[in-house]
Amino acid sequence: MTIELPNLPYDQDALEPHISSETMSYHYGRHHQGYVDKLNRQIDGTPMADLPLVEIIRRAREQAEIGILNNAAQAWNHTFLWESMSPNAPASPDGRLGTLVDSEFGGVDEFKSAFRDSALAQFGSGWTWLVLDGSRLRIMSTSNADSPVATHMLPLLTLDVWEHAYYLDYQNARAKYVDAFLEHLINWDFAARNLEAFDKAA
Ligand code: MN
């Protein structure tokens with residue numbers, strides 16, 4: 001079995017002007033593809049080669065196989081990132097997710113402010129997440145390749161805050177990139193689907 005690079009859920013230029021086609025060509029076509037290719041070379045001929053990606057992440061973490069963990073988590077995180085953005089993003093969450101956002105953060109604007117603070121406070125490379133932790137929503141950031149998918153928490157949304165995600169479009173201005181995500185791209189429907197799938201399985 002080989003880990004495949006999934007297709008983008010929209011055209012490469014669909015997130016313009018907020019994220020350029022050029023950024024997507026490097027970020028998806030080179031970086032994401034690179035993590036997938038390196039992972040496949042690392043697991044080729046090992047027992048991990050027959051596992052689904054999330055199981056590879058969990059096994060690599062248990063066994064402290066850091067090289068495999070890094071590439072496997074980056075492969076998973078990027079697929080989750082593309083889905084976390086949409087060219088037709090709804091302005092706010094509704095249904096159960098909307099209720100949870102209101103009760104946990106006090107509203108969508110307060111959520112955005114807290115997410116922004118977490119993304120800007122992440123020193124160096126990493127990811128900012130909205131997760132379900134038990135029965136509560138939580139915003140958190142992780143370093144480098146680390147991913148809450150390997151833990152008890154359920155990821156609902158993510159934003160990549162590695163410089164390669166925004167440098168071509170925003171240079172070092174991470175805040176402008178984070179704001180573009182929060183104001184124009186955040187895919188609440190995807191977060192709601194993740195929550196719903198979890199509720200059904202629970
Ligand atoms: Mn990235």
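Order of listing sets the numbers, starting from 1, for every ligand and every atom in it. Note that the numbering runs from 1 along the sequence shown for the chain.
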Can you name the N/O/S atom of [X] that is nearest the Mn ion (ligand 1)?
| X | value |
| --- | --- |
| H27 | NE2 |
| H164 | NE2 |
| D160 | OD2 |

Quick one: are the ring centres of [X] and [Y] less than 6.0 Å apart?
| X | Y | answer |
| --- | --- | --- |
| H27 | H32 | no |
| Y26 | H164 | no |
| F111 | W188 | yes |

Metal check, the Mn ion (ligand 1) vs H31 N/O/S, cut-off below 2.8 Å |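 Of the N, O and S atoms in H31, none lies under 2.8 Å from the Mn ion (ligand 1), which means no.
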Counting backbone and side chain alike, does H32 bring an N/O/S atom below 2.8 Å of the Mn ion (ligand 1)?
->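 No, H32 does not qualify, because none of its backbone or side-chain N, O or S atoms lies under 2.8 Å.
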Residues which pass salt bridge (charged side-chain N to carboxylate O under 4.0 Å, His left out) with E163, listed by chain and number, not counting sequence neighbours =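 E163 satisfies salt bridge (charged side-chain N to carboxylate O under 4.0 Å, His left out) with no residue once adjacent residues are dropped.
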Sole candidate of L185, L157, I186 that passes side chain to side chain contact (heavy atoms under 4.5 Å, CB included) when paired with M85 =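 Checked L185, L157, I186 against M85; only one passes side chain to side chain contact (heavy atoms under 4.5 Å, CB included): L185.
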